[in-house]
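A quick write-up on the structure given underneath.
Residues: numbered from 1 along the sequence shown. Owing to the predicted nature of the structure, the values given are computational and were not obtained by experimental measurement.
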Amino acid sequence: MNNHSFENGTIIFSEPHAQTAFLREILQNNPILTGVHVLSLDSHLKGMDAKRVDPIRFYVDCALLFNGMKDAMEVLGRMLEFPQTVKEITDFALELTDWDIAVETLPEDTKKNRDLKKLLMAAMSLENPQKGLRVAFEKFRLSNEVKRCVIQPSNESLLTFSRYQDLVKHGATMLDRNPRTPDLKLKFAGNPRLQAQGVAQYIALRPMRYDRQSIVCLDPVTDIPLLKVSFDRYGIPYSIVSESFRQPEADLFINLLCFADSGLIEDWKSVLDNPLVQIEHSHDLVRYIDAFEITTEDLRFPLTSVKQALSESRLWGYAEKKTYQEMEDKAEIARKSMVSLFTSVTECLTMSWREKVERVYTLFVSVCGNNESSEEAILAIKRILEVSLPILENHPQASDFLIYQVDATRERIHAIPKGVLITDLGHYNVSGKDRVFVISASQKNFPQFSTVRGLFDENYRSLTGLPSLEQRYKHHMDQVNGLFTYANEMIFSWSTGNFEGKSNELSFEIKDACQGVRAEAWQLTEEFGRPRREPSLTSHTAQRLFFKENTIVGSVSSIERFFRCPYMYYFASGIGLRKKPNAKIEVNIVGTLMHAIF
């Protein structure tokens with residue numbers, strides 16, 4: 001980045017995920033920043049839009065409007081019952097607004113295209129959240145304020161990039177990225193878990209300030225949970241900047257609402273499985289429900305299926321009796337702990353839809369408790385309800401549309417990341433990084449450009465005046481190619497296999513960029529960070545455990561076990577440790593149980 005001095009009144013545009021690191025860098029050269037504002041272009045335009053329209057309101061208004069248009073459709077009528085269809089249409093309407101494309105120019109040569117044009121014209125008749133932003137940008141680009149603007153490129157969309165270029169033409173300054181000539185490395189591991197462990201050990205064993213390192217996960221859903229485990233194990237601080245994960249609070253609200261709608265035991269099991277339900281032995285209750293085919297009515301009373309079966313059958317061995325009785329005791333503890341919530345949610349079955357949702361929200365907040373990490377998600381869901389309930393209560397698929405919106409909530413990107421930055425390809429461009437890992441760099445995961453399918457596929461888009469496939473591809477590749485000159489040390493890694501047993505190959509683009517670089521396996525230190533202690537027994541203890549009258553006792557398989565793993569032999573043949581039987585009902589006991597219960 002260029003060494004600029006920023007005068008009072010300067011506006012610096014940067015994407016939210018990159019702002020903190022950018023500020024840290026410019027403060028090194030400008031210890032005092034007076035009157036300098038760092039924000040995204042989108043935030044600046046929203047501040048200029050006096051009549052801001054809520055995107056949630058636009059979506060639910062369209063849902064209700066489209067529901068009244070179903071019978072007038074030639075082919076798309078039934079599809080309008082699905083929240084995904086309405087979302088696809090409303091998003092396209094917003095995209096047309098962004099690029100200032102008139103609906104009247106859209107094609108109507110087929111039944112589907114005629115239906116789409118009618119729906120889009122109806123959507124455009126409503127208050128549109130992007131319309132105000134576009135008007136604000138037109139006003140801003142012609143103002144004198146533009147000359148005080150500085151732009152830091154950082155993974156912006158094609159629309160934002162095109163607006164940046166327009167601002168530069170009117171006097172704004174675009175900062176250069178100053179590409180580096182990095183030391184390139186290629187690493188591979190047998191599976192994603194070993195890859196995450198290799199990255200964590202590499203960071204721990206090769207000192208560098210944590211905040212000067214980042215990890216770009218090309219498969220964040222798989223990679224990030226594994227990295228969290230490895231980093232926690234080695235005590236490496238980290239921050240996650242990714243929008244790939246749905247919040248557990250959203251799952252819990254959806255689980256509760258589904259059960260309040262259906263009353264089905266499967267939906268209640270989903271509530272029990274949610275990580276926010278901090279009830280002792282909740283997983284034992286789920287196993288018990290599956291094992292004994294428990295119904296929602298059964299959960300109103302103490303659980304006694306095992307006791308009844310034991311009293312009427314002699315087919316149970318001691319270990320089985322103990323295992324099943326323990327399972328039932330734990331399940332009963334969980335049932336008692338959850339009975340108040342269970343009763344409250346089942347009462348919602350007879351309420352009106354709006355009353356039901358409001359009651360579920362109250363119960364949902366009580367389960368989340370005073371957890372600070374849940375506050376953001378609770379407020380996001382509350383906002384959805386406040387806007388949606390008055391409108392959706394008149395919609396025949398109200399719950400489906402509400403659940404779809406809650407399901408789409410994602411954790412916001414926090415302003416101050418600390419430690420090693422763990423992110424994804426859409427948020428990698430953060431300044432001030434000297435070592436960058438790009439992991440899961442397989443052909444499947446890079447460069448992550450995909451064509452558009454669905455109602456508005458590439459053929460349809462080519463008739464609209466929106467950016468072409470070629471323009472979108474060029475912009476995407478310009479963005480991701482910055483990875484190869486991004487830091488002093490670039491480590492590209494992939495796993496040669498996944499947890500499903502399928503093989504992976506290194507991305508063609510990365511292989512081409514790393515020509516002449518020899519790929520090496522991650523060198524893992526299994527005992528890293530822990531003092532190695534060889535297990536040993538005194539001769540007296542070994543004599544007592546393994547010898548009877550100076551003669552070793554054991555089968556051929558036990559001797560084989562000793563040579564395969566002495567530690568295992570110690571547990572099995574020495575102290576007689578046995579595997580606890582699974583809490584499941586054997587086939588030969590099912591009939592007896594049924595007779596005992598019914």
Side-chain angles (χ1 to χ4, degrees), residues 15-16 40-67 69 76 79-80 82-107 113 115-141 155-164 166 243 380 383-384 387-388 391-392 401 404-410 412 426 450-458 460-469 471-472 475-476:
E15 293 302 291
S40 67
L41 177 60
D42 190 58
S43 296
H44 185 69
L45 296 179
K46 285 178 180 177
M48 294 178 62
D49 183 11
K51 190 180 179 182
R52 291 180 57 183
V53 179
D54 193 325
I56 297 173
R57 176 64 185 265
F58 180 65
Y59 173 73
V60 293
D61 278 343
C62 284
L64 192 62
L65 180 61
F66 294 171
N67 182 63
M69 298 174 63
L76 297 181
M79 290 185 67
L80 297 177
F82 299 99
Q84 297 90 331
T85 302
V86 174
K87 178 65 172 172
E88 191 175 356
I89 296 170
T90 54
D91 282 352
F92 193 76
L94 296 178
E95 190 176 4
L96 292 175
T97 304
D98 283 333
W99 294 97
D100 197 17
I101 294 174
V103 180
E104 291 76 15
T105 64
L106 297 179
N113 287 351
D115 282 351
L116 289 176
K117 188 169 183 177
K118 290 176 186 176
L119 293 167
L120 289 166
M121 291 187 72
M124 291 298 195
S125 69
L126 301 172
E127 293 185 333
N128 184 320
Q130 298 304 107
K131 192 171 186 178
L133 298 184
R134 194 189 74 223
V135 172
F137 178 74
E138 292 299 323
K139 179 181 177 181
F140 175 64
R141 64 191 280 269
N155 299 108
E156 60 278 345
S157 66
L158 178 56
L159 174 68
T160 301
F161 181 73
S162 68
R163 286 178 172 173
Y164 281 170
D166 198 341
E243 297 175 341
R383 178 168 161 266
I384 291 172
V387 175
S388 301
I391 301 169
L392 286 181
F401 280 85
Y404 183 81
Q405 292 180 85
V406 173
D407 184 64
T409 59
R410 294 293 183 270
R412 289 177 57 192
S450 57
T451 56
V452 180
R453 301 178 182 179
L455 294 174
F456 306 101
D457 58 15
E458 295 295 349
Y460 186 93
R461 294 175 68 90
S462 67
L463 304 173
T464 63
L466 288 170
S468 67
L469 175 63
Q471 289 173 309
R472 298 193 331 266
H475 173 74
H476 179 81

### Worked check of side-chain contact (heavy atoms from CB on, under 4.5 Å) between Leu64 and Leu392
CA-CA 7 Å; Leu64 192 62; Leu392 286 181; over 6 Å; no
#### Entry: Check ion pair Asp100-Arg134 (N to O, under 4.0 angstrom)
yes
### Task
Compare all side-chain heavy atoms of Leu80 with those of Leu119 and state whether any distance is below 4.5 angstrom.
yes
### Polar side-chain atom of Lys46 near backbone of Arg52 as donor-acceptor pair, under 3.5 Å
no
### Summary
Closest non-hydrogen atoms of Asp61 and Leu126, given as atom of the first, atom of the second and distance, are CB-CD1, 3.8 Å
### Task
Determine, step by step, whether Asn155 and Glu15 satisfy the side-chain hydrogen bond (donor to acceptor under 3.5 Å, both in side chains) criterion, reporting the C-alpha distance in whole Å, the side-chain angles of both residues, the deciding distance to 0.1 Å, and the verdict.
CA-CA 7 Å; Asn155 299 108; Glu15 293 302 291; over 6 Å; no
### Task
Inspect the surroundings of CE in Met79 and state if more than 12 heavy atoms from other residues, nucleotides or ligands are less than 6.0 Å away.
no
### Phe66 versus Ala123, closest heavy-atom pair with distance
CZ-CB, 4.1 Å
## Note on the structure
In this structure, OG of Ser157 is separated from NE2 of His476 (nearest 0.5 Å) by 13.5 Å
### Message
If you define the side chain from C-beta out and look only at heavy atoms, does anything of Thr97 sit under 4.5 Å from Leu133?
### Response
no
### Message
I'd like to know whether Leu76 forms a side-chain contact (heavy atoms from CB on, under 4.5 Å) with Leu116, so could you lay out the CA-CA distance, the side-chain angles of the two residues, the decisive distance to 0.1 Å, and finally the verdict.
### Response
CA-CA 8 Å; Leu76 297 181; Leu116 289 176; 3.6 Å; yes
### Query
With distance as the sole test, does Gln471 use its side chain to make a donor-acceptor pair with the main-chain N or O of Ser468 at under 3.5 Å?
yes
### Query
So, the side chain of Arg461 versus the backbone of Leu466: is there a donor-acceptor pair under 3.5 Å, distance only?
no
### Query
Does the pair Arg472/Glu458 count as a salt bridge with the N-to-O cut at 4.0 Å?
yes
### N/O donor-acceptor pair under 3.5 Å between Thr160 side chain and Glu156 backbone
no
### Task
Going by the side-chain hydrogen bond (donor to acceptor under 3.5 Å, both in side chains) test, name the single residue among Gln405, Arg383, Arg57 that passes it with Ser388.
Gln405
### Query
Counting only N and O atoms by type, is there a donor-acceptor contact under 3.5 Å from the side chain of Tyr460 to the main-chain atoms of Pro107?
no
### Message
Walk me through whether Leu120 and Leu96 qualify under side-chain contact (heavy atoms from CB on, under 4.5 Å).
### Response
CA-CA 10 Å; Leu120 289 166; Leu96 292 175; 4.3 Å; yes
### Task
Write down the atom of Ala102, the atom of Thr105, and the distance for their closest heavy-atom approach.
O-OG1, 2.7 Å
### Sub-4.5 Å side-chain heavy-atom contact between Val86 and Tyr404
no
### Message
Within the structure provided, determine whether Cys62 and Phe58 are in side-chain contact (heavy-atom separation under 4.5 Å).
### Response
yes
### Message
Between Met124 and Lys131, does the side-chain contact (heavy atoms from CB on, under 4.5 Å) criterion hold? Intermediate values first, please.
### Response
CA-CA 10 Å; Met124 291 298 195; Lys131 192 171 186 178; over 6 Å; no
### Query
Would you call Leu455 and Phe92 a side-chain contact if the rule is heavy atoms closer than 4.5 Å?
no
### Query
Got Leu158 and Trp99 here, is their nearest side-chain heavy-atom distance under 4.5 Å?
yes
### Query
Do the non-hydrogen side-chain atoms of Asn113 and Lys117 ever get within less than 4.5 Å of each other?
no
### Task
Might you point out which heavy atoms bring Phe456 and Ile89 nearest each other, and give the distance in Å?
CE1-CA, 3.9 Å
### Task
Grab the two heavy atoms, one from Ile391 and one from Val60, that are nearest each other, plus how far apart they are.
CD1-CG2, 3.5 Å
### Query
Are side-chain heavy atoms of Pro129 and Asp54 found at a separation under 4.5 Å?
no
### Distance in Å, Phe140 CZ paired with His44 NE2, rounded so as to fall on 0.5 Å steps
4.0 Å
